[in-house]
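Below you'll find the structure, written out as structure tokens, and then a few comments.
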Amino acid sequence: EALRCDREYANAYAALGMLVSCHETVTLSDGRVLTKQHLLMEAYRRKPRGSENEAFFLASALGLSGSETMTLSDGRVVGQRDFYLEALRHNPKCAESYTKLGALLAQKSSKPGETVTLSDG
């Protein structure tokens, strides 16, 4: 109902994306059929610039594995690691982003000895 009233309401896309399983689709009132990833990408696209939690939310909710990537509307190809780094750029005090990023780098699927450079150097 929220999206029927305001098709630009980022939080409605995000909330719906959190409710949908990875294998489900949702048909919106405008006829679009969206997956969990599409809903969350719509939320990301509509979120106000500078929102501290936007990237962390996506990294957590999209459920990308360490090696999976997705293409953003601007053409950038990003993965879970990129979203955590972006979250830390927006909010360098977010302990959960550091924890999730560290766990991701520690996974067997990561490159051994892989490091990242944070935005503050």
Side-chain angles (χ1 to χ4, degrees):
E1 187 63 30
L3 288 174
R4 191 172 299 143
C5 295
D6 182 0
R7 291 174 46 177
E8 296 301 312
Y9 187 44
N11 289 342
Y13 285 99
L16 190 53
M18 291 300 294
L19 293 173
V20 175
S21 76
C22 293
H23 305 291
E24 285 182 288
T25 60
V26 173
T27 303
L28 302 182
S29 60
D30 62 7
R32 291 182 296 155
V33 178
L34 302 178
T35 64
K36 180 182 194 84
Q37 283 190 347
H38 290 119
L39 287 163
L40 295 169
M41 287 309 301
E42 290 293 326
Y44 180 78
R45 197 171 63 104
R46 287 168 170 76
K47 206 83 161 149
R49 283 212 170 277
S51 175
E52 291 180 0
N53 294 321
E54 64 186 359
F56 174 72
F57 174 78
L58 270 176
S60 298
L62 286 173
L64 293 175
S65 73
S67 60
E68 286 181 306
T69 60
M70 66 185 321
T71 304
L72 300 179
S73 57
D74 64 6
R76 289 182 297 147
V77 177
V78 296
Q80 195 175 33
R81 176 180 166 251
D82 302 303
F83 285 124
Y84 288 129
L85 289 170
E86 184 68 11
L88 290 168
R89 187 175 73 77
H90 286 289
N91 183 4
K93 295 181 179 180
C94 183
E96 192 166 5
S97 291
Y98 285 108
T99 302
K100 298 273 188 184
L101 179 59
L104 182 67
L105 292 173
Q107 287 179 356
K108 291 180 182 180
S109 61
S110 290
K111 299 171 194 156
E114 180 179 13
T115 62
V116 295
T117 302
L118 301 176
S119 61
D120 63 359

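These numbers come from the heavy atoms of this one structure, side chains and all, not from hydrogens, waters or symmetry mates.
Rounding to the nearest 0.5 angstrom, the gap separating the CD atom in E8 from the CD atom in E42 is 8.5 Å. Note: Y84 OH to L105 CG = 10.5 Å, rounded to the nearest 0.5 Å. Once rounded to the nearest 0.5 Å, the distance linking CZ of R89 with OG of S97 reads 13.0 Å.
The two residues A2 and A12 make their nearest non-hydrogen contact at CB-CB, 3.9 Å. When all heavy atoms of G17 and K36 are compared, the closest pair comes out as O-NZ, 2.9 Å. Closest approach of V77 to D82, counting heavy atoms only: O-OD2, 4.4 Å.
Note: the hydrophobic cluster containing L3 does not contain M41 (ILVMFWY, side chain heavy atoms under 4.5 Å, direct or indirect links). Linking Ile, Leu, Val, Met, Phe, Trp and Tyr residues whenever their side-chain heavy atoms come within less than 4.5 Å leaves V20 and L40 in two separate clusters. Side-chain heavy atoms closer than 4.5 Å link hydrophobic residues (I, L, V, M, F, W, Y) into clusters, and following such links, even through other members, never connects Y9 to L16. L19 and L28 are members of different hydrophobic clusters when ILVMFWY side chains are connected at heavy-atom separations under 4.5 Å.
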Working for side chain to side chain contact (heavy atoms under 4.5 Å, CB included), residues L34 and T25:
CA-CA 5 Å; L34 302 178; T25 60; over 6 Å; no

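The backbone N or O of R7 lies less than 3.5 Å from a partner atom in the side chain of Y13, making a donor-acceptor pair.
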